Amino acid sequence: MLSELASKDALTNVRNKTSYDHYVEDLDRQISAGKAEFAVAMIDLNRLKAMNDTYGHERGNEYIKASCNVICHIFKHSPVFRIGGDEFVAILKDEDYRNRETLLREFMDFFKASAENKNAEPWQRLSAAIGMADFSPATDKKSADTFNRADQIMYKNKVEMKANRTN
């Protein structure tokens, strides 16, 4: 019970950064054994600071929880981790790995439509940037190599989204 509490994020109930670190250790063992096949989806929520500053932390928490629910729904066969205030990681394996391109498109379509929904309250207009990278045994020696690529792609996505934002 105590170890479960230590590995869960209190706000969202997904796995936390400590749990992510343990999961990565196992992934690195799989990589060393030549038995790794996965992709990393790095996700960063947009406008959380502005949400907190304008509408308060309670609304910001609603924004985080609602976004997390969507992330978990889309990547329903993958472990999802909250590794920072507005940062999430999904490790795609098996069915989600095989369907990763479709899931990526579903993610992008949902968050784009939600962010543009002028009928919703501001804290219900969910917006998130994503970067996805596949593990490559030819170039990746550790899971961190894949994570770093996903993070770079996510950052580019975030910059593009900010440049295209009209509100």
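Side-chain atoms are counted along with the backbone in the values below, which use heavy atoms only and exclude waters and symmetry mates. Here the structure is a predicted model, which means the values were calculated and not measured.
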Answer yes or no: is there a side-chain heavy-atom contact under 4.5 Å between [X] and [Y]?
X    : Y    : result
L27  : K93  : yes
N157 : M108 : yes
N16  : K8   : no
R15  : Y20  : no
E25  : D28  : no
I31  : D140 : no
F88  : L45  : yes

Please report the shortest heavy-atom distance between [X] and [Y], naming the atom on each side.
X    : Y    : value
Y63  : S127 : OH-N, 3.1 Å
A41  : I130 : CB-CD1, 4.1 Å
A128 : F107 : CB-CZ, 3.8 Å
A129 : M154 : O-CG, 3.7 Å

Distance, nearest 0.5 Å, that separates [atom1] of [X] from [atom2] of [Y]:
X    : Y    : atom1 : atom2 : answer
H22  : S7   : NE2   : OG    : 8.0 Å
L126 : F111 : CG    : CZ    : 5.5 Å
R98  : L103 : CZ    : CG    : 11.0 Å
T146 : D151 : OG1   : CG    : 12.5 Å
M132 : E101 : CE    : CD    : 7.0 Å
N69  : K65  : CG    : NZ    : 9.0 Å

### Task
Report yes or no: do N148 and Q152 form a side-chain donor-acceptor pair below 3.5 Å?
no

According to a 4.5 Å side-chain heavy-atom criterion applied to Ile, Leu, Val, Met, Phe, Trp and Tyr, with indirect links allowed, do [X] and [Y] form part of one hydrophobic cluster?
X    : Y    : result
F147 : Y155 : no
I153 : M42  : no
I43  : M161 : no
L104 : V159 : no
V40  : V24  : yes

Pairs under 3.5 angstrom only: tabulate donor-acceptor contacts from the side chains of residues 70-85 to other protein residues two or more places apart or in another chain.
residue : atom : partner : partner atom : Å
S78     : OG   : I91     : O            : 3.4
S78     : OG   : D96     : OD2          : 2.7
R82     : NE   : G84     : O            : 3.2
R82     : NE   : G85     : O            : 3.2
R82     : NH1  : D9      : OD1          : 3.2
R82     : NH1  : D9      : OD2          : 3.1
R82     : NH2  : G85     : O            : 2.8

### Task
Count the heavy atoms of every other residue, nucleotide or ligand shown that sit under 6.0 Å from CD of E58, and state whether that count exceeds 12.
no

### Message
For E121, give me all partners under side-chain contact (heavy atoms from CB on, under 4.5 Å), at least two apart in sequence or on another chain.
### Response
W123, Q124

[X] side chain vs [Y] backbone, donor-acceptor pair below 3.5 Å:
X    : Y    : result
N164 : E160 : yes
D86  : I64  : no
R149 : D134 : yes
N117 : A113 : no

### Query
Out of D53, N46, N52, which residue meets the side chain to side chain donor-acceptor pair (under 3.5 Å) rule with K49?
D53

Test side-chain hydrogen bond (donor to acceptor under 3.5 Å, both in side chains) applied to [X] - qualifying residues, sequence neighbours left out:
X    : value
D44  : K158
S67  : none
D109 : R105

### Counterpart residues, ring pair (Phe, Tyr, Trp, His ring centres under 6.0 Å), relative to F38 (two or more places apart)
F135

